[in-house]
Amino acid sequence: MNQPIQLSLEQQFNIYSFASQVKEMSHEQAQEFLVKLYEQMVVREATYKELLKHQWGLDLGSMA
């Protein structure tokens, strides 16, 4: 897993489109958006961890 992940053309376009939208935001809008985006990333990471623990059988018992 030493090779960088290659993004599809669609993903690259979505990033370009996202960047264009952010450029149109005010500073305050961009800050609020960034906080919400970070919150979603944290929730996604926690969800992945819980799913993996369940998949690997690590959610049994009092393991935390």
Side-chain angles (χ1 to χ4, degrees):
M1 193 148 184
N2 294 334
Q3 297 177 356
I5 296 174
Q6 296 294 319
L7 300 177
S8 69
L9 192 56
E10 180 181 7
Q11 290 168 321
Q12 292 175 33
F13 174 78
N14 287 336
I15 291 171
Y16 176 80
S17 175
F18 178 80
S20 297
Q21 291 175 17
V22 171
K23 286 179 184 176
E24 299 297 320
M25 291 180 184
S26 70
H27 184 74
E28 183 177 303
Q29 288 173 319
Q31 286 180 324
E32 290 174 8
F33 183 78
L34 190 57
V35 170
K36 288 179 183 179
L37 183 62
Y38 183 74
E39 180 183 358
Q40 290 177 356
M41 289 171 51
V42 170
V43 169
R44 181 184 298 177
E45 181 181 359
T47 302
Y48 287 159
K49 285 181 180 181
E50 288 301 313
L51 288 171
L52 286 173
K53 282 194 320 189
H54 177 73
Q55 183 67 30
W56 294 340
L58 300 175
D59 59 348
L60 304 175
S62 61
M63 299 176 92

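Side chains are part of it too, since the values below use all heavy atoms of this structure and drop only hydrogens, waters and symmetry mates.
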In a table with atom names and distances, give each donor-acceptor pair under 3.5 Å that connects a side chain of residues 15-22 to protein atoms at least two apart or in another chain.
{"unit_1": "Ser20", "atom_1": "OG", "unit_2": "Tyr16", "atom_2": "O", "d": "3.1"}

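The two residues Leu7 and Gln12 have their closest heavy-atom pair at O-NE2, 3.0 Å.
The salt bridge (charged side-chain N to carboxylate O under 4.0 Å, His left out) analysis of residues 12-34, with sequence neighbours excluded, yields no pairs.
Applying the side-chain hydrogen bond (donor to acceptor under 3.5 Å, both in side chains) criterion to Glu50, with sequence neighbours excluded, gives Lys53. Residues that satisfy the side-chain hydrogen bond (donor to acceptor under 3.5 Å, both in side chains) test with Gln11, not counting sequence neighbours, are Ser8.
Think of Val42 as one node in a network of Ile, Leu, Val, Met, Phe, Trp and Tyr side chains linked at under 4.5 Å; its network also takes in Tyr38. Taking a 4.5 Å side-chain heavy-atom cut-off between Ile, Leu, Val, Met, Phe, Trp and Tyr, the cluster of Phe13 contains only that residue.
Here the straight-line distance linking atom NZ of Lys49 with atom CG of Leu51 works out to 12.5 Å at 0.5 Å rounding.
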